[in-house]
Every structure is written in C-alpha cells, then in structure tokens.
Amino acid sequence: MKREKLAEKFFNRPTLAVARSLLGKFIVRKYGGKEIALMITEVEAYDGFKDRASHASRGKTARNAPMFGRPGYWYVYFTYGMHWLINIVTRETGYPAAALIRGGLTVDRSGEPVKVSGPAKTAKFLKITGKFSGLPANTRTGFWIEDRGIRIPKQKIRRGRRIGVDYAGKIWASKSWRFFIAGFRS
DNA sequence: ACGATGATGAAC
DNA sequence: TTCATCATCGTA
C-alpha cells in the first residue's frame, strides 16, 4: 500500500485547495504501539485575518498562535467545556489559516465501515488533546496525515456553509468553505 | 429542543 | 472580576 506522509509544502497552499484535497487522505495517530487511522471525509476551511468565523480574526493569542505559524502544524483547542477539535495549519508562516477535521471513515474489527461524524468525536476517536497544539504533523510526534493513494472524484465532493458560525455575520457565515464526500455530511 | 461544562475574550 | 459566548454532543 502506498503511504506517503504529507509534508509542509502540501499545506503551504491556498486553504480551500488544501481542505478539498484532504478528503480521502488518512489522519493517523500512533497510540500504545498501534496506529489509529481515519480516512478524512469532512473538512472546513478557516482562512485569513478577516474571516470572522476564524479564531484568528481577533488577533494572535496564546491559544490560536499555531494558526499564525508554520503550515503542517496542529492547532488543537478546547471548546464547549468538554470537546477537543483538530485543525491542521495551512498557508505560509504569518498568515493565519487552518482546516478543521470534521469527520472520517474507519473500519471495525469485522471490516465493516464505520463513520466518525463530527469534529469532537473525531478528536476523541484519535485520542487527541491540546498536548498536540503547536506540534508538527509527523511520525516523531506520532500524529500525521498521509496519502494512501485514494483519489476522491470531483463529482463525489460536496460543499456547503460552515457549521455553527452564524455569529460571524452574513458574509462569513455564508461562505461555502466546508467540503465533504457525498454521503458524509455530519 | 436543551443541558452539560470550562476556556476565552470583552466589558465593567 | 464577572459574564455571555462558543468551529459540540447526546439525550429528548
């Protein structure tokens, strides 16, 4: 099986292009000597200083600093008092942008496909917490993204508005910056 | 439809 | 230092 780790240059591209091309890639977590893997099926883009739905829109803080940093690094944050959410940083250093991983597909012990639907469930499934925020995505940190040769045909890719960002105002809330594989809307 | 549950940031 | 808000989920 092809297993090609995605490097910084993959993420140092326009955020929408990165988000779209993350569909079908595998997010892999080394845990307890084993690997937990999920094929990414849903992603949202948060891009730039002006995106009012983005944590970066109010400037750099200790929490969101990774968004302003190098591409290919994790931005993991805590929300709703109980959930961790996973983002991978995009674009060049200094430009705040990231892609939120919202869902994936795995297989259970008997080989049946199992949907992991929702960003908090995704983080829980991969056993990810804030410890990873600011770390690079690679095998050394034990948490990375790889290409296993699966290509999602264009006609299977859907897009729509981002979830839970109505507070960001009409312009930003209505951006069609959420990408998912047909049949995997969470 | 709503409660759980805590960090964040803006207002006071 | 207080308070409303929040890139959610599970139960109803």
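Small disclaimer: the values here were computed from a predicted structure and weren't measured. Residue numbers start from 1 in every chain, and the chains themselves are labelled A, B, ... in the order their sequence lines are given, proteins ahead of strands.
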Are the side chain of A:R158 and the backbone of A:Q155 linked by a donor-acceptor contact shorter than 3.5 Å? yes

Secondary structure string for DNA chain B (Watson-Crick or G-U under 3.5 angstrom, | for other-strand pairs): ||||.||||||.

Whether A:R162 engages the ring of A:Y46 as a cation-pi pair (distance to the six-membered ring centre under 6.0 angstrom, angle to the ring normal within 45°) should be assessed. yes

Any N/O pairs under 3.5 Å between the protein and nucleotides 10-12 of chain C? List them or say none.
residue: C:dG10; atom: OP2; partner: A:K121; partner atom: NZ; Å: 3.3

For A:W84, give me all partners under ring-ring contact (aromatic ring centres under 6.0 Å, His included), at least two apart in sequence or on another chain. A:F78

Test of understanding: clusters of I, L, V, M, F, W, Y form through side-chain heavy atoms closer than 4.5 Å, transitively. Do A:F11 and A:F68 belong to the same one? no

Which heavy atom in A:L22 sits nearest to a heavy atom in A:I40, and how many Å separate them? O-CB, 3.5 Å

Looking at A:I171, I'd like to know if its CD1 atom is crowded, meaning that more than 12 non-hydrogen atoms belonging to other residues, nucleotides or ligands lie closer than 6.0 Å. no

Please classify the nucleic acid contact of A:A120 as base, sugar-phosphate, or nothing, using heavy-atom distances under 4.0 Å. sugar-phosphate

Looking only at non-hydrogen atoms, find the nearest pair between A:I36 and A:F125 and report the distance. CG2-CE2, 3.4 Å

Separation of atom CZ in A:R52 from atom P in C:dT5, rounded to whole Å: 14 Å

So do A:F10 and A:I145 actually touch side chain to side chain, heavy atoms under 4.5 Å? no

Can you get from A:V18 to A:F143 by hopping between Ile, Leu, Val, Met, Phe, Trp and Tyr side chains that sit under 4.5 Å apart? yes

Would you mind classifying the nucleic acid contact of A:L100 as base, sugar-phosphate or nothing, using non-hydrogen atoms under 4.0 angstrom? base

Scan residues 11-19 of chain A against DNA chain C and write down, sorted by residue number, each residue with any heavy atom closer than 4.0 Å; if none is found, say none. none

With side-chain contact (heavy atoms from CB on, under 4.5 Å) as the test, pick out the partner of A:K25 among A:V43, A:D147, A:I101. A:D147

Scan nucleotides 6-12 of chain B nucleotide by nucleotide, 5' to 3', and note B when protein non-hydrogen atoms come under 4.0 Å of the base, S if they reach only the sugar-phosphate, - if neither. B-SSS--

Is it true that the side chains of A:N64 and A:Y77 contain a donor and an acceptor less than 3.5 Å apart? no

When you look at NZ of A:K170, are more than 12 heavy atoms from neighbouring residues, nucleotides or ligands closer to it than 6.0 Å? no

Using side chain to side chain contact (heavy atoms under 4.5 Å, CB included) as the criterion, list what pairs up with A:P119, not counting sequence neighbours. A:L85, A:L100, A:R102

